[in-house]
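Take a look at the structure set out below.
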Amino acid sequence: MLAMEFIRAHPDQVRRAAALKGEEAPVDQLLEVDRRWREMTAAAETSRAEQNALSKQFGSSREQTLLPRMRELSAQAKALIAQADALSRERDELLLQIPNVFHETVPIGATADDNVVVREWGTQPSFGFTVRTHYDIGEALGIMDFERAARVAGSRFAFLKGEGARLERAMVQFMLDLHTREHGYTEVLAPFLVNTAAMFGTGQLPKFGDDAFRVQGRDLWLIPTAEVPVTNLHREEMLDAAQLPLNYVAYSPCFRSEAGSAGKDTRGYIRLHQFSKVELVKLVEPDASLGALEELTGQAEEVLRRLGLHYRVLSMCTGDMGFGQYKKYDLEAWAPGLGRYLEVSSCSVFSDFQARRANLRYRPGPGESPRYLHTLNGSALALTRTLDCVLETYQQPDGSVTVPDALRSYLPGVDYLRGGV
RNA sequence: GGAAGGGUGGCUGAGUGGUCGAAAGCGCCCGCCUGCUAAGCGGGUAGGUGGUCUGAAACUGCCUCCCGGGUUCGAAUCCCGGCCCUUCCGCCA
C-alpha cells in the first residue's frame with residue numbers, strides 16, 4: 001500500500017495513477033476519512049493525556065478525591081477512542097484499495113495494444129512442413145492428456161506422462177540450476193498454502209480473492225504464485241543493510257481459479273488451474289530497485305536464450321499493469337504452432353508497496369531509522385507455456401521433438417521425444 | 001489430538017497491578033583515554049502515528065511488551081479466546 005503521508009501530499013498523482021491503471025481508487029473518500037480520523041484522534045488523545053497525567057499523580061499520592069474525575073475521563077476517552085478506531089479501520093480498508101503509482105518510464109495506455117516492445121531476440125523459425133500445435137504434438141506422442149485430466153479434476157487441468165513429465169521436470173531443474181549457479185540466487189522450497197495475512201502482504205487480497213483457491217474451513221489459500229510465500233519470507237523482520245539484496249528462486253505449482261477468463265485459451269497447455277513455475281524474488285534497498293528490475297528481467301530472458309526460443313520483451317503500459325506494480329516487463333516467447341507469442345514471464349518491481357503491507361524493513365546503517373525494502377519478482381519461467389514453445393519450436397516432420405541442447409544433460413539418453421516413458 | 005511450559009526492544013534476557021516503553025548484558029553511535037582496529041571510562045541508542053512549524057531540526061501528545069476481547073481510575077503483569085514456539089505422549093509420511 002501507499003503511505004498515507006504520500007497520498008495526503010500527492011493526491012493528484014495518486015488519482016492519475018489509478019485512473020491510468022484502470023482502477024477505482026477511493027482517494028477522496030480516503031482523504032476525508034483520514035481527516036476525520038486525525039480530528040477524532042486529537043480529541044481522544046487530549047482526553048487520554050489528561051487521564052494519564054492524573055493516573056500518574058494518583059500512583060504516587062493515592063489521593064482519593066481524584067477518582068471521580070479519573071472515572072469520568074476514562075469513560076470519555078474510551079468513547080472517543082472507539083470512534084477514532086472505527087475511522088482508522090475504515091481508513092485502512094480504503095488504503096488497501098489504492099493502487100500503487102507507477103514509474104515515469106512506464107508507457108501510458110489502456111490495453112495490451114499500448115504495451116511497448118523494447119527488444120526482441122532471435123527470429124521466428126521457419127519449417128519446411130505444416131507446423132503443429134503443442135497439444136497436437138503432445139497428444140500424438142501420448143505425453144499430454146487433457147481428456148483424462150478433465151475426468152479426474154475438470155477442465156483446465158492436464159496430465160503430463162512419460163517423456164512429457166520428465167521434460168517438465170528437466171526444465172524446472174535446468175532453470176533452478178541456472179539461477180542458483182550462475183545468477184546467485186538462493187533456492188527456496190516454500191509452503192504451497194499460505195494464510196490470509198500473506199495474501200494481503202503481496203496484494204492478492206483484498207481485491208483479487210476470486211482469482212485464488214481457498215481451503216474450506218481453514219485460514220489457508222493455495223498459492224497463485226511462489227511470489228506470495230517467498231516475498232513474505234521476511235515479513236515482520238528487521239534486516240541489516242549488509243544482508244541485501246536478497247535473491248531467492250523458488251519452484252512451485254501455482255493455483256489459479258481463472259475466474260475472469262472463461263472461454264479464453266481453453267485449448268492446450270496454456271491457461272490451467274494448476275501450473276508449474278520457477279519464480280525469482282528480490283528484496284533490495286530502494287535505490288537499487290529499478291536496476292534490479294533490469295537485472296531480473298535479463299536473468300529470466302537468459303532462460304529463453306539458452307533454450308533457443310525466439311522472444312520479445314514488452315514494457316507494460318499503465319492499463320495492463322497490476323494493482324501493486326510500479327513497473328513491469330512481460331516476456332513473450334514465440335509458439336510457432338499456435339502462431340502467436342505466449343506470455344511466459346512477468347517481471348515487476350513494486351517499490352515499497354508490498355513491503356509496507358508485509359512489514360519488510362531494514363536498517364540502512366547503524367543508528368539509522370528503519371526503512372521499507374523494495375520488492376521484485378518475475379517468472380523465470382512459467383513451465384506450461386515455455387514447454388509449449390519448446391515442443392512447437394523443436395518439432396520435427398515425423399512428429400518427434402528434438403531436445404534443446406540446454407536440456408540434454410537433464411534428460412540423459414533422450415535426444416528426441418518420441419513418446420517414450 | 002492430549003499434557004506442561006513459553007512468546008518482552010536489532011539480539012539475549014529481567015520484570016506479577018501505578019513512579020515501566022520496560023533492569024541488565026550484547027550490538028551499534030558519540031566522546032575520553034591509551035603512541036598503532038583491543039581493553040577501560042562516560043554518555044547515547046525501540047517502533048508506529050499525530051500536533052506545533054513554510055520545511056528541516058527541535059519540542060510535544062498518543063499507541064505499541066504475539067494477536068483480539070475483558071476486569072480496573074490504571075495492565076507487560078490479572079481473566080477469556082486465538083495464533084505460534086518448545087518438551088513429553090499419541091498419530092502419521
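Lettering follows sequence order; numbering is per chain, from 1. Any value given below was found using the heavy atoms of this structure, including those in side chains, with hydrogens, waters and symmetry copies removed.
For Arg38(A) against G51(B), no side-chain N or O and base N or O form a donor-acceptor pair under 3.5 Å.
Here U37(B) sits opposite no nucleotide as a Watson-Crick or G-U wobble pair (both hydrogen-bonding atom distances under 3.5 Å). Nucleotide U86(B) has A4(B) as its partner under the Watson-Crick or G-U criteria, with both atom distances under 3.5 Å. Pairing of G18(B), defined by two Watson-Crick or G-U wobble distances under 3.5 Å, is identified with C73(B). With both pairing distances under 3.5 Å, U49(B) is matched to G61(B) as a Watson-Crick or G-U wobble pair. Pair check for C92(B) finds none; no Watson-Crick or G-U wobble contact set falls under 3.5 Å. With both pairing distances under 3.5 Å, G42(B) is matched to C30(B) as a Watson-Crick or G-U wobble pair. As the counterpart of C11(B), G25(B) is assigned, both hydrogen-bonding distances of the Watson-Crick or G-U wobble pattern falling under 3.5 Å. Across every strand in view, U54(B) sits unpaired, with no contact that passes the Watson-Crick or G-U test at under 3.5 angstrom.
Rounded to an integer number of Å, the gap from Glu236(A) CD to C85(B) C1' is 16 Å. The distance from atom CG of Leu220(A) to atom P of C84(B) is 9 Å, rounded to the nearest whole Å. Nucleotide G47(B) holds its P atom 16 Å from the CZ atom of Arg356(A), rounded to whole Å. The interatomic distance linking Ile7(A) (CD1) with G50(B) (C1') rounds to 17 Å, in whole Å. As a whole-Å value, the separation of Leu239(A) CG from C11(B) P is 11 Å. Spacing between atom CZ of Arg218(A) and atom C1' of G82(B) amounts to 13 Å, rounded to whole angstrom units. One interatomic measurement links the two molecules: CG of Leu95(A) to P of U49(B), which rounds to 11 Å at whole-angstrom precision. Atom CZ of Arg363(A) and atom C1' of G9(B) are 10 Å apart (whole Å).
Each of U19(B), G47(B), U72(B) was ranked by its minimum atom distance to the side chain of Lys78(A); first place goes to U72(B). Nearest to the side-chain atoms of Trp37(A) among the listed nucleotides U49(B), G18(B), G47(B) stands U49(B). When each of G50(B), C73(B), G47(B) is scored by its nearest atom to the side-chain atoms of Arg8(A), the top-ranked nucleotide is G50(B).
Between Tyr248(A) and His234(A), a ring centre-to-centre spacing shorter than 6.0 Å is recorded.
The gap from the P atom of A57(B) to that of G40(B) amounts to 35 Å, rounded to the nearest Å. The same atom, C1', is picked in C59(B) and in U77(B); the two are 32 Å apart, to the nearest Å. Here the separation of A23(B) from G5(B), taken at their C1' atoms, is 24 Å to the nearest Å. For the C1' atom pair drawn from G27(B) and G9(B), the interatomic distance equals 12 Å after rounding to whole Å. Separation of the P atoms belonging to C89(B) and A14(B) is 27 Å when rounded to the nearest angstrom. Across the P atoms, G2(B) and G81(B) are found 13 Å apart, a figure rounded to whole Å. G68(B) and C73(B) are spaced 23 Å apart, taking the P atom of each and rounding to whole Å. U87(B) and C28(B) have their P atoms separated by 32 Å, given to the nearest Å.
Side-chain nitrogen and oxygen atoms of Arg69(A) include none within less than 4.0 Å of the OP1 or OP2 phosphate oxygen of C73(B). Using a 4.0 Å cut-off, no side-chain N or O of Arg361(A) falls inside it from OP1 or OP2 of G10(B).
Comparing Gln51(A) and Arg91(A) along RNA chain B, the residue whose closest nucleotide (by nearest heavy atom) sits nearer the 5' end is Arg91(A). Where Met238(A) and Pro370(A) each meet RNA chain B at their nearest nucleotide, the meeting point lying more 5' is that of Met238(A).
For the residue pair Asn195(A) / Asp219(A), no side-chain donor-acceptor distance below 3.5 Å is found, with atom types taken as modelled.
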| message | Does the protein touch nucleotides 60-66 of chain B at the base, only the backbone, or not at all? Give it as B, S and - per nucleotide, heavy atoms under 4.0 Å. | response | -BBS---
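Ser47(A) places no side-chain N or O within 3.5 Å of a backbone atom of Ala43(A) that could act as its donor or acceptor partner.
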Would you be so kind as to tabulate the donor-acceptor pairs closer than 3.5 Å made by side chains of residues 165-172 of chain A, with sequence neighbours excluded?
from	atom 1	to	atom 2	distance (Å)
Glu168(A)	OE1	Tyr269(A)	OH	2.6
Glu168(A)	OE2	Ser276(A)	OG	2.7

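Residues passing the ring pair (Phe, Tyr, Trp, His ring centres under 6.0 Å) test with Phe213(A), sequence neighbours excluded: His273(A).
For the pair Asp330(A) and Val313(A), the minimum side-chain heavy-atom distance is 4.5 Å or more.
Within 6.0 Å of CZ on Arg132(A) lie more than 12 heavy atoms contributed by other residues, nucleotides or ligands.
Within the structure, the side-chain hydrogen bond (donor to acceptor under 3.5 Å, both in side chains) test picks out the following pairs touching residues 253-263 of chain A (sequence neighbours left out): Glu258(A)-Ser261(A), Glu258(A)-Arg271(A). The list of salt bridge (Lys or Arg N to Asp or Glu O under 4.0 Å) pairs with a residue in residues 189-212 of chain A, not counting sequence neighbours, reads Glu23(A)-Lys207(A). Applying the salt bridge (Lys or Arg N to Asp or Glu O under 4.0 Å) test to pairs two or more places apart or on separate chains, those with a residue in residues 179-206 of chain A are Asp177(A)-Arg181(A), Glu182(A)-Arg306(A).
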